[in-house]
Protein chains: 2
Amino acid sequence: MAVSARRGAPLTPEEIHSTALRLVEEGGVEALSMRKLAAVLDVNPMSLYHHVANKTALISQICQTMAGRLALPDKPGSPWQERLRDLAHAYRRMVHRYPSLWAYIHTHPETVADHQGGIWDVLFPILADAGVPEEERTTTADVLHGFVAGLVVTERQGHLGRDDPAQADRVYETAIDMIIRGLPRP
Amino acid sequence: MAVSARRGAPLTPEEIHSTALRLVEEGGVEALSMRKLAAVLDVNPMSLYHHVANKTALISQICQTMAGRLALPDKPGSPWQERLRDLAHAYRRMVHRYPSLWAYIHTHPETVADHQGGIWDVLFPILADAGVPEEERTTTADVLHGFVAGLVVTERQGHLGRDDPAQADRVYETAIDMIIRGLPRP
DNA sequence: TACGTAGCCATACACCGTATGGCTATCGCT
DNA sequence: AGCGATAGCCATACGGTGTATGGCTACGTA
């Protein structure tokens, strides 16, 4: 199969994805270039294109592997308020781990498929328990997701806890309180 | 002064900013390049650098001119709920007008100075009327801004009103309701 | 043994931002 | 009037980007 002269084994999509994700974690999305990635993998840049359609497809794929790493908590017995809070915290943790990639997703929504798997499977039952009627759950989920996403972006921008990370935690908590307070219809 | 051979008059920063903003409105931030801008202005690319420090400075400047175009409503007599709603709508209108530039700001917060002028001067009195104690107003403003920004981004991504723009209006309205409901402490 | 093909690579193209340095026409000053 | 400073413009060049094109090698299968 004409394996690379410099490397022993042939490339695998997994190897490409993980190293690309590592590059993004280290230097942001703008630090990921096909040439640099190829250099790290010790391969000619064009060899990547035998395993990846193009750069945007690659980013989309590593976005999905990142989303797959979202640690989803759900304690079915607990009240919906607590579960919603846990979910918001899990979301926050993930954004803090991959801030740059997350910003990319926010401006390129097409990279992530719609409303299936991951967060949504956890969020919908929570909304059901909170008394949101079924026909409103999709949009409510969208609104809540928008709120939390905007909140985390704001935090990433340095506001809410400019100096003190403990204060950021507190502000995040009270913001979640606000959401929980606002969710039930009067 | 050795005016351009091809143009009659010398370049002005205003001309550069407005044409750059036009390019961004038409094709997004990624469609703005110094070379294209120079071509539109019928000038050598390097001539731009006598009026603009570099590309990011240029973008930062057109961000500010955009922010200056935010139509800020404020009816001091009305209740804070109504004024908050008006502000959220003004924000939404602006994001819809310059979606790409807005996304850029969200991922490059350094482009816009902090907490002075524009929105904040209007938002702070509203929060005061809503009974938010002074020492919490900054973070509360940040949280609310995060909420609304995330909401609009979500809308821009096609959710909340996928098909029907009227439905998007309705959902936005109820989301603002939710914020207003959640703002006062219990 | 012959062939298809999977994997790799070298080259090239068009684009990008911008550092460098030189040209010219105008202004203020002597 | 003469002259230096300077504002505005431009040509060239460097290092970077994504990727189209086409050719090479070595393996699996028939």
Side-chain angles (χ1 to χ4, degrees), chain A residues 1-24 26-63 100-101 103-104 107-108 110-111, chain B residues 1-24 26-63 100-101 103-104 107-108 110-111:
Chain A
M1 299 271 196
V3 157
S4 164
R6 309 201 282 272
R7 296 160 32 97
L11 282 176
T12 68
E14 291 71 27
E15 196 183 2
I16 296 179
H17 294 166
S18 61
T19 16
L21 191 49
R22 214 190 63 220
L23 287 185
V24 167
E26 289 168 358
V29 186
E30 71 276 7
L32 172 66
S33 86
M34 301 302 272
R35 297 172 127 100
K36 281 183 201 161
L37 178 57
V40 171
L41 289 170
D42 205 8
V43 147
N44 184 283
M46 292 314 292
S47 302
L48 298 171
Y49 286 86
H50 280 263
H51 308 269
V52 161
N54 49 41
K55 191 186 178 183
T56 71
L58 170 62
I59 296 185
S60 165
Q61 285 156 357
I62 68 177
C63 280
S100 169
L101 200 55
Y104 180 89
T107 61
H108 299 78
E110 69 279 4
T111 51
Chain B
M1 298 272 194
V3 157
S4 164
R6 308 201 283 271
R7 296 160 33 95
L11 283 175
T12 68
E14 291 73 26
E15 195 182 1
I16 295 179
H17 293 166
S18 60
T19 0
L21 192 47
R22 216 189 62 220
L23 287 186
V24 168
E26 290 168 357
V29 186
E30 71 277 7
L32 172 66
S33 86
M34 301 301 272
R35 297 172 126 102
K36 281 184 200 161
L37 179 57
V40 172
L41 289 170
D42 205 9
V43 146
N44 184 284
M46 291 314 291
S47 302
L48 299 172
Y49 287 87
H50 280 263
H51 308 268
V52 160
N54 49 40
K55 191 186 178 183
T56 71
L58 170 61
I59 295 185
S60 166
Q61 284 155 358
I62 67 176
C63 279
S100 169
L101 200 54
Y104 180 89
T107 60
H108 299 77
E110 69 280 5
T111 52

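Please read all numbers here as calculations on a predicted model, not as lab measurements. In what follows, chains carry the letters A, B, and so on, assigned in the order in which the sequence lines appear, proteins first and then strands, with residues in each chain numbered from 1.
Side-chain proximity of His50(A) to the nucleotides dG17(C), dG7(C), dC10(D) is greatest for dG7(C). Between dT21(D), dT20(C), dT17(D), one nucleotide has an atom nearer to the side chain of Lys36(A) than all others, and that is dT17(D). Checked against dC9(C), dC9(D), dT18(C), the side chain of Leu11(B) finds its nearest nucleotide in dC9(D). Closest to the Asn44(A) side chain, of the nucleotides dG7(C), dT18(C), dA10(C), is dA10(C).
Spacing between atom CD of Glu30(B) and atom P of dG17(C) amounts to 12 Å, rounded to whole angstrom units. Rounded to whole Å, the distance from CG on Leu32(A) to C1' on dG18(D) is 12 Å. Atom-to-atom, CG of Leu41(A) to P of dC8(C) comes out at 10 Å; the value is rounded to the nearest Å. Protein atom CG of Leu58(B) is 15 Å distant from nucleotide atom C1' of dC16(C), rounded to whole Å. For Leu37(A) and dG18(D), the CG to P distance is 10 Å, given to the nearest whole Å. Met46(A) has its CE atom 18 Å from the C1' atom of dT25(D), to the nearest Å. Regarding Tyr49(A), its OH atom lies at a distance of 6 Å from the P atom of dG18(D), rounded to whole Å. Met34(A) has its CE atom 18 Å from the P atom of dG16(D), to the nearest Å.
Within the structure, every side-chain polar atom (N or O) of Ser47(A) is placed at least 4.0 Å from both OP1 and OP2 of dG7(C). Distances shown here put every side-chain N or O of Asn54(A) at or beyond 4.0 Å from the OP1 or OP2 atom of dG18(D). The shortest distance between the side-chain N/O atoms of His51(B) and the OP1/OP2 oxygens of dC9(D) is below 4.0 Å. Close to dG17(C), at under 4.0 Å from its OP1 or OP2, lies a side-chain N or O of Ser33(B).
On a pure distance criterion of 3.5 Å, a polar donor-acceptor pair joins the side chain of Arg35(B) and the base of dG17(C).
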Step-by-step side chain to side chain contact (heavy atoms under 4.5 Å, CB included) determination, Met34(B) to Asn54(B): CA-CA 9 Å; Met34(B) 301 301 272; Asn54(B) 49 40; over 6 Å; no
Would Leu21(B) and Ser18(B) satisfy side chain to side chain contact (heavy atoms under 4.5 Å, CB included), going step by step from the backbone distance to the final call? CA-CA 5 Å; Leu21(B) 192 47; Ser18(B) 60; 5.6 Å; no
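Between the side chain of Lys55(B) and the backbone N or O of Leu32(B), at least one donor-acceptor pair lies under 3.5 Å.
In this structure, Cys63(A) and Ile59(A) have side chains that are in contact, with non-hydrogen atoms separated by less than 4.5 Å. Residues Ile16(A) and Ile62(A) are not in side-chain contact: their nearest non-hydrogen atoms beyond the backbone lie 4.5 Å or more apart.
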